[in-house]
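Shown next, in structure tokens, is the structure this report addresses.
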Amino acid sequence: MAETKREIERKYEATSGTRVPDLTRVPGIAAVVDRGVMELDAVYYDTPDLRLAADGVTLRRRTGGSDEGWHLKFPVASGIRDEIRAPLADTLPGELAGLLRSRVRGGEIVPVVRLRSARDVRHLQAADGTLLAELSVDTVHAERLPGGAEAGWTEIEAELADHTEGADEALLDAIGNRLRKAGIHPSSAPSKLSRALAETAPPQERPAEGAGSGAVAAAKRAGRGDGGGAPGLVGVSRRGGVGETLSARGERPGTAGHAVLAYVREQADAIVALDPAVRRDLPDAVHQLRVACRRMRSAFKTYRKVLDRDVTDPVGAELKWLAGELGVARDQEVLTERLRGRIDALPRTLRIGPVRGRLRSWSAARARSGRRRALAALDSARHLALLDTIDELLADPPLRGPAARDARAVLARAVLKDHDRLTARVDRALALEPGRDLDVALHEARKAAKRARYAADAATPTLGKPARKFAKRVKSVQSLLGEHQDGVVAREALRELADQAQTAGESAFTWGLLHGREEAAAAAVEGELPGAWAKASAPGIRAALTR
């Protein structure tokens, strides 16, 4: 069974002669306890083209020390990583393999570096003996696999202790200040692996000053992890041509193609990165992955004059499928939170029968089903095919003529066209009386609002403040319409819960009461919509986009 540890650490340059200063002078550290030297032997794995390293992900099999086994690390922030540990085995555990699926796909994972380290460990303790942090001096020998160059160095690593109550990065900052006063400076390499890859890379892969780490930098230049251009962009485009291709012209900075593709690549990176987060059941991961799918799909529709719909429509259909499969669990989570809040807001005298228990059992069954459905989608060949198709699209983008034009004009027109579409849907909804037809019309308007907002978000790097202000106004309308749609879904669920309660011989009074309150909440939203829409459709907001 794998376990997760949040790793918060700092790394520093050292030599064999570096002397660690007295760290009891750091506030809060009362004692430094020598724990001796341990020998560590770790083999790091990656794809042959180093996809994991390009994304800051590390996978190793380590022997020696107190935590030997398989370790998979995902970056969280600078100096912070989540380490998922699995027991030592000859082959990669399936649980870790699943977390790498979106990056590795059908490729193989091979040994790329072996690191053997002599780790001199010191425990930094509080006055009561509580372990606050661990400081180690590591003498490292790196070997490129198979049978490549070798390198060696010494570094100092300071890491917060596991589960230390009240511990935070301020302690590491104080330790770092003490080390710097002693002439010990932060390492330029974010990890041992990145340094090993850089120092053992073949000469032709060595980076220029500031270009990054060897093969990792090469992988990033190929579009694997920094949103840069993907290989093949200057080849013959799908639309043919000679001389400078449409693909090359449409990728120039300042063009519509460059702006739109940058946004699509951002969503593609998010889809890949959020796959393991969903598998780990991290907070908000499902929602964020669905958003990335929707943003990419929306960009294909909004900017169809830039990207050929014959190519993007099938990809958009698959993105819709994935978002739908993921949505079952997320929608149930949102619905449960809403109904629980409604129940909690009722006076006790109006909570008749086991309403909380019925909601809990009803929701749990649906949540388990939704979770299984989401994981099945991520494990499917269809999902991997979608990821490969997105990569192919970005490697040879299906650019149309307007892709080579000035980004400001093309993007502004596309955003305004989506706003016109939203206007038509809102106007239709405002002309309807309350009822089923209005509910449907407002839901359609909500989808149009989301598309207009995403269009403005994609255009913000190009159009700046006007697009940002436009997106903010449209988002307010989207949120209002979203609240209305959540109420529609909640009323359907309340009718189902009332039927179940009645069948079980329980009172359906509370469920009916909540249904009435949802109807009142919907009426309130419908009353607020004209004013919110007037602000979002003000002529000045639209005019600013074309200035």
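- In this structure, Arg371 CZ and Leu326 CG are separated by 10.0 Å, a value rounded to the nearest 0.5 Å.
- Salt bridge status for Arg35 with Glu134: absent, with no side-chain N to carboxylate O gap under 4.0 Å.
- Taking 4.0 Å as the cut-off between side-chain N and carboxylate O, Arg60 and Glu83 count as a salt-bridged pair.
- For the pair Glu483 and Arg446, the salt-bridge criterion is not met [side-chain N within less than 4.0 Å of a carboxylate O].
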> Where do Tyr45 and Leu72 land on the side chain to side chain contact (heavy atoms under 4.5 Å, CB included) test, with the steps shown first?
Replying inline: CA-CA 10 Å; Tyr45 292 77; Leu72 175 59; over 6 Å; no
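- With rounding to the nearest 0.5 Å, the separation of CG in Leu514 from CG in Leu346 is 5.0 Å.
- Each of Leu100, Leu99, Asp82 was evaluated against Pro276; a single residue qualifies, Leu99, per the side-chain contact (heavy atoms from CB on, under 4.5 Å) test.
- Checking Leu384, Leu59, Thr47 one by one against Val104, the side-chain contact (heavy atoms from CB on, under 4.5 Å) holds for a single residue, Thr47.
- The number of heavy-atom neighbours closer than 6.0 Å to CD of Gln502, taken from other residues, nucleotides and ligands shown, is 12 or below.
- In terms of modelled atom types and a separation under 3.5 Å, the side chain of Asp308 and the main chain of Asp310 share a donor-acceptor contact.
- A salt bridge links Arg290 with Asp331; the closest basic N to acidic carboxylate O contact falls under 4.0 Å.
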> How far apart are the C-alpha atoms of Arg295 and Glu266, what are their side-chain angles, what is the distance that settles it, and do they pass the salt bridge (Lys or Arg N to Asp or Glu O under 4.0 Å) test?
Replying inline: CA-CA 10 Å; Arg295 285 180 180 273; Glu266 182 182 336; over 6 Å; no
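- Taking a cutoff of 4.0 Å between a charged side-chain nitrogen and a carboxylate oxygen, Arg366 and Glu496 qualify as a salt bridge.
- When each of Lys5, Arg10, Arg81 is checked for a salt bridge (Lys or Arg N to Asp or Glu O under 4.0 Å) with Glu159, only Lys5 meets the rule.
- At most 12 non-hydrogen atoms from other residues, nucleotides or ligands lie less than 6.0 angstrom from CZ of Arg428.
- Contact record, Ala536 with Arg473: CB-O, 3.7 Å, taken as the closest heavy-atom pair.
- For Glu444 and Arg425, the salt-bridge test passes: some basic side-chain N is under 4.0 Å from an acidic carboxylate O.
- At a threshold of 4.0 Å, the pair Lys301-Asp418 does not count as salt-bridged, since none of the basic side-chain nitrogens sits closer than that to a carboxylate oxygen.
- Put simply, the residue from Ile343, Val489, Asp486 that forms a side-chain contact (heavy atoms from CB on, under 4.5 Å) with Arg338 is Asp486.
- Between Asp275 and Arg279 a salt bridge is recorded (basic side-chain N to carboxylate O distance below 4.0 Å).
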